[in-house]
Structures are given as structure tokens and as C-alpha cells.
Amino acid sequence: MTLAARLARPASTIPFWNVRRRDHLVGYLFIAPQLVGSALFVLLPLAMVGWYSLNEWNVLAGSFEFAGLGNYARLAADVRLREALTATGVFSVGLVTLNLALALLLAVLLNQRLRGTALFRTLFFSPVLVSLVAWTIVWQFLLQPSGGVNSVLGAAGLDGPNWLRGEGTAMLSVIVVQVLKNVGLNMVLFLAALQGVPKQLYEAAELDGAGAWRRFLRITMPLISPTVLLTSIITVVGSLQVFAQIAVLTQGGPGTSTTVLVYYLYQQAFQFHRFGYGATLSVLLFAIVGALTLLQWRMRRRWVFHEA
Amino acid sequence: MRPIAKLPSAALALTVAVTACGGGGEATTQAGPVTLRMTVWTASEAHLKLLNDIAAGFTKAKVKFESLPVDTYTTTLTTQIAGGNAPDLAWILERSAPDFVGSGALAPVGGKLENRGELIPSATRLWEKDGELYAYPFSTSPLGVFVNTDLLKQAGQKPPGKGWTWDEAMAAAAAVAKKGKAGLAIPDFEYKEWGVLAGIWGGWGAKAWSDDGATCGFNSPEMVGAMTFIHKSIFVDKAVPGPGTTVDFFAGDAAMAISQVSRAGLLKDAKFGWELLPLPAGPKGEYAVIGQAGVGVLKKSPNAELATEFLAYFTNAANSAKLAQFFPPARSSQLNAETLAKSNPLLKPEQLQSVVIDGINKGTVKPVHKGQEELSQTVRAALDPLWRPDADVKAVLDDVCAKIQPMLGA
């Protein structure tokens, strides 16, 4: 049948279940579970958080009143929020810097063909698999004034501080505990990227007289830059969501030195029963995560030298 | 409508059907006997067995006790309420009483309780509003000092007795600490739950805030005196374990512990000699501090009426006597050494009289205020600088008042 003849044919005579429609239906059915799951458990809660942020919700009193932008106006005047944002910034910068630097260093060291590297790779990766709360509780004991860390320092003739009670050391402790927990994940990603760098490039650079540091800067870093971007996005987003470590190790103290944004959000919503304001803080966190991720993504043109 | 166009509505219908199947919401028609849910913060097998034994005698409904971790108890309970999954009854900590009672979250229960008139006023005060009772004060537990008499003897200290003072207590604790074990442990404090310190500062006549709750008391001369004493005991005398150090008195690691009488059960298999004494006297003489829990019926419960009936049964005179095995009762007829001794074999009659009975009769409840959780966190953060060896006690306490006075006046 010619095209003109097919177009001339009345629509009612075209079979409904033609191949194209059947293919579409199969496609929709395949993605339906994921679509329904995303709608119910991601999009709907997101929309509800946005709605709650426009309301004053006192759970105990059972009151739910429209507040318009009142909760958002409150953000600007909240002195404790500024402290929480500062603590979040300190934590994120410390964690991201330390985590990425250590992960890269470990990956470079464990990329060598030496006996025992498989064992060390396993050792550094294994904390990733340990329960976060269990890991943190163990460190809570180790960081006590008379705990394992200070015992080791004492054996070396040093007086260790009260790690979790000092304004300066508490945040450092939380960062280090988190880095040790998750550095293995970034290490494995870097290791995979390093193993994808062609050996001939190093050989050619070596023949041209490039030293180890120059080879690292001029060959390794450009070729693993997509992985650096990936790990930095994952680590930045993860650092903004830190909660369990703070809840177990410091409960936001001493003072408010470790009260990061998520912990402050938890306090407002679940401890002080201000669910509306808690939802507003969630929206703020969402905006910060989104903005930072977008910024990193746009900066990939400068950072990333090639994309697969 | 074309078949393909029906897909979204079919999917929605399917979703609604699936969600409804897993729901169990309030609209669900309940067949068979009603099951009441009651949240508790104990997971002790002995406690739960007693609760279940008592509940088994209630014929109008089954009762399911749901153990929630004590550290996050109120948070979890609030989340359940927010999620539309409120229990029918709940234990409520004394620190949450003003918020739960003041907000109208609880149903009135006073009218149904057996012999309501014999509940002692010091125990019910926290749970009343406008003359109505909103929870039953089912555990009224005074703070006392548990003493490891073996450790005191080893440190050459005389066993203390009723009428002792804080100076004597700290001197004995410091002597034990010098021998290697800890001195006076404050298990529930851990440099965060500062309300427990009322067990010490009460001896100086200090209060966190005025009786009407409107004025901060942290920088009063009495509080400065008490906190200076506590600070010296921690950092100079080393009588109290320092911040960040966990010590278990009940495992025999400390000379003394300020704790509630209900912890006596932990000493059932103790391998050391021990004594329970009332709180030592301070410069202002003898005093007592009580911790408390209430059982309330959530107003949102679809079974509030039946839950109130269960509460009346659960706390009637006969069951209150059974509960006294672990939870000191608020019924005056049961506040005597003979009754308490039957259910507290570990404690001697004179201990029950001096610590439990006298404590409940003359005690004041640990500091509580409307908006307690936020106040508590603010005070905790402002007090943190006090827990350093070089702290300026008066300056820190002035700062505490500067931080919380706007909240008290609000």
C-alpha cells in the first residue's frame, strides 16, 4: 500500500495494537516500577516538604496553619543557622580535602605491583562495608580521654587532648572518623582510573626526561580528571548530609561547634517539634546541594580534560 | 477513552489499591478485639513481663507494649504522631511533660482513675492543667547515692550514713579516685543532661529558673556556689570523672553514683558491698530531687476511651502495688516501708524510708519548662565551656542566662 493510500484510509481501519504502540507499551511497562517508585518515594515527598515549609506544623498540638513565606523569612534572622552553616562549611572543606587527597595518595601507592597490595586494598576498603553507627561507636570509645588513641600517643610520650570535648578537636575528630570510614570507596574509584592510564604515555614521558612528579601532574591527573570530578561531587554531597557521626560522637557540641546543617534540621523538626521550619531547612539544604553540584558540573570544562 | 489513554488512571488505581492494602490507617474497619499500643522506653525482660502480666488481666482489649530506645524516645514518639501512627498510650518523661500537657496532646484521665484522691500532690503536679489530670504519675523515683562500701574501705574511708554532707561525699570520692578507681559517677549526666545536676545544686538552694519559669536562675549566687563546688570536684579534687570518661558504677568501677532508686535492680548480682543513701546535705541543708514518668492517653488515638479505661485498670491499687516492684508508686496508701519492702527485696526498710518515701514526699522534680528540649539544648551548649579546667564559672553561668532568658520570657 502506498503512503498516499495509507493516509487516505480512515483512522478507524488502522489496527490499534500496531507494532509501534506495542513497543511503546512494553517500554512503559518496563520503566513503570521505577517511575511509580520515584513518583511515590522521591517526587511526592519532595513536593510535600515544599508544602510543609509553607506551614507551621505543631505535631503535639495537632495544629497545621499556613504561614506563607514566614519560615523562609525566619531563615534570614536565625543566628543559630549561621553557626550551623559555618560548621557545615568547615566540615565539608575538611572532609573533601582530606578524603580526596588521602584516597588519591592511597590509590597511587596501592597501584604499584608489590607483594601484599591486595591485602592493603582490602584493609582500606573494608570500613566502607562496616555499619556506620557501629564504626562511630567504636571510635567514640577510642577517642575518650583514656581511650585507645591517647594510649597510643601516651606510649609515644605525648599527652593527647580530650578529642570530643575540645572546640577545635571535636570537628577534627568527626572529620577524621568519617574520612577513615569512606576513603576506601574513593580509593577504589581512583585505582580503577589509574589502571586505565596507558603505560606507553609514562614510558614516552620518561624517555623525554620527565620526573615522577611531572608525570603525575601532566599525565595522571589529566587522564583521571573525570574520576576526580565524580569523587568530588559524591564527597561534597555526602559531606553536606553528615548526621549519624555527629549524633553519636558529639550531639552538636561542644557548644555548637559541630552542629552541622542536617543535625540542626533534625533538632528543629524532631526535638523542638517545629516540622514546618525543619522542612524549610530541608529546602535550603536541597538548594545548597543542587547549587554546588551544578557549579562542579559546570566547572568540569576547566577540570576535566576528556570525557568518555 | 482509548485503551492507551487509560494507562495513567489504571496505574493510579493500582497504586491506591496497593497503598491501601499496606495501610492500616484509622479508617480501616477493625474486626475482632481491639489491640491497644503503648510505647515504653524499657526493654528489660523483667519489666516487660510484669507489664504483660498486668495487661493480660484486662479483658476489653489486648495491649501491645512497644519498646523504644530511651535516648531517642520522645523524638520517635513525636515522629509516630506526625506520621499518623500515634500509639494509644505512652510513657512520657518528666522533661516532656509541660509540652505534652500544655499542647493538648493528651486526653484527660483523672476522672476514671481508681482512688484519684490518694495520689500525692508532689507527684501529680507536673501532669495537671486547669485542675485536670492528663497522665498518671506511674513512676516517681527519687535520686539517691549508691555507695560501693568495699571501695571506700580500701581507700581508708568510713562508710557514710544518713545525714552526710556533700563535702564528706566528695572527700571520700576523691580518696577512692586517688587509689585508681573512679570517685562519684553521675551516670545520666555525661556532661550533657545537666538536669541531673539538680541532685547536687539543690543542696545549695539553687534553681535553674524561678518557680514561675520566667527568670533564669543559673547566675544566682546559690547556683554559682554549687557549680563552683562541682567544677572543683571535677578538675581540682578529681572526685568526679572528667568529661568524656565513661564509668560504670554498677560494674564496680566507681565509689559512688547519683542515680534513681529504680536502678537498684542492677545490683542484684553485685560482687561488692553497697549501700543506698539519700542525697548528701548541702550548705542549705537536706533536700530531695525526684525523676518522674507519666502514662498518658494520646488524644489522637482512635481508641482513646478504651485506652483510658486500660490506664485506670493498669494503675489501680492492686496493679500499682505490683508495679512498685520497679516503679515507686504515687499512691499514699502504698508509700510505706512494708509495702515497698515486699517488692524491693534488695533495699532495707530504712533505705526505703529515707530515700524513697521521704524523697517522694519532700522532693522537687528535676527542672522542666515549656519548650524543654530547646531550652535543654541551649543550656547544654552554653554550659560546655564550664567543663574545662580553666573555666570562669560566673562568666559561663552569666552567658547561660543571657542565652535562655529570652526563651523563658517568651
Side-chain angles (χ1 to χ4, degrees), chain A residues 16-17 21-22 24-25 28-29 32-33 35-37 39-40 44 52 57-64 79-80 83 140-141 143-147 150 161-167 170 247-259 263-264 266-275 278, chain B residues 2-4 7-8 10-12 14-15 18-19 71-72 74-84 86 96 98-106 190-193 241-247 298-300 371-378 380-389 399 403:
Chain A
F16 181 80
W17 283 117
R21 281 199 164 125
R22 256 182 303 214
H24 283 188
L25 179 64
Y28 281 122
L29 285 176
L35 212 57
V36 171
L40 277 179
L44 184 62
Y52 293 152
W57 181 10
N58 186 325
V59 171
L60 292 184
S63 61
F64 191 86
V79 179
R80 286 196 59 203
E83 293 172 356
Q140 188 184 24
F141 282 103
L143 291 167
Q144 282 193 8
S146 54
N150 281 352
N162 192 348
W163 294 97
L164 297 173
R165 299 290 310 181
E167 291 251 353
V248 174
L249 288 176
T250 63
Q251 284 97 59
T256 53
S257 62
T258 59
T259 304
Y263 194 74
Y264 182 58
Y266 160 79
Q267 285 185 322
Q268 286 291 338
F270 296 99
Q271 290 188 318
F272 308 159
H273 310 139
R274 293 195 192 107
F275 279 76
Chain B
R2 289 162 133 189
I4 196 79
L7 269 177
L12 183 64
L14 179 69
T15 309
V18 168
T19 326
D71 293 345
T72 54
T74 306
T75 305
T76 311
L77 179 59
T78 312
T79 310
Q80 289 191 351
I81 297 169
S96 305
D99 289 337
F100 272 80
V101 174
S103 66
L106 302 175
E190 294 190 339
Y191 294 85
K192 294 180 189 100
E193 296 295 332
T245 308
T246 305
V247 174
L298 273 292
K299 203 189 261 179
K300 278 193 168 183
Q372 175 74 20
E373 289 295 340
E374 187 168 16
L375 261 175
S376 181
Q377 286 298 324
T378 308
R380 194 271 306 152
L383 272 181
D384 274 341
L386 186 61
W387 312 127
R388 293 181 199 144
D399 186 50
K403 296 261 170 59

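Below, chain A is the first sequence line, B the second, and so on; all start at residue 1.
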Practice prompt. Give the C-alpha distance, both sets of side-chain angles, the deciding distance and a yes or no for side-chain hydrogen bond (donor to acceptor under 3.5 Å, both in side chains) between B/Thr246 and A/Gln144.
Written response: CA-CA 8 Å; B/Thr246 305; A/Gln144 282 193 8; 3.0 Å; yes
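The minimum heavy-atom distance between B/Asp384 and A/Gly253, with the atom names listed, is OD2-CA, 4.2 Å. Scanning all heavy atoms of the two residues, the minimum distance from B/Ser103 to A/Leu60 falls at OG-CB, 3.4 Å. When all heavy atoms of A/His273 and B/Asp99 are compared, the closest pair comes out as CE1-OD2, 4.4 Å. Across all their heavy atoms, B/Ala381 and A/Thr256 have their closest contact at CB-CG2, 4.2 Å.
Heavy-atom distances place no part of A/Gln140 under 4.5 Å from chain B, backbone and side chain included. At a 4.5 Å heavy-atom cutoff, the contact between A/Phe270 and chain B is made by backbone and side-chain atoms alike. Heavy-atom distances place no part of A/Trp163 under 4.5 Å from chain B, backbone and side chain included. Within the 4.5 angstrom heavy-atom criterion, only side-chain atoms of B/Lys192, from C-beta onward, approach chain A. Using a 4.5 Å cut-off between heavy atoms, B/Ala382 does not touch chain A at all. Interface remark: B/Glu374 contributes backbone and side-chain atoms alike to the contact with chain A (heavy atom separation under 4.5 Å).
Classification of B/Glu373 and A/Arg274 as a salt-bridged pair fails, no side-chain N sitting under 4.0 Å from a carboxylate O.
Once rounded to the nearest 0.5 Å, the distance linking CD of A/Gln271 with OG1 of B/Thr75 reads 5.0 Å. To the nearest 0.5 angstrom, A/Phe272 atom CZ is 11.0 Å from B/Gln372 atom CD.
Under a 3.5 Å cut-off, the side chain of A/Asn162 and the backbone N or O of B/Pro243 do form a donor-acceptor pair. In terms of modelled atom types and a separation under 3.5 Å, the side chain of B/Arg380 and the main chain of A/Gly255 share a donor-acceptor contact.
More than 12 non-hydrogen atoms from other residues, nucleotides or ligands lie less than 6.0 angstrom from CZ of A/Phe64.
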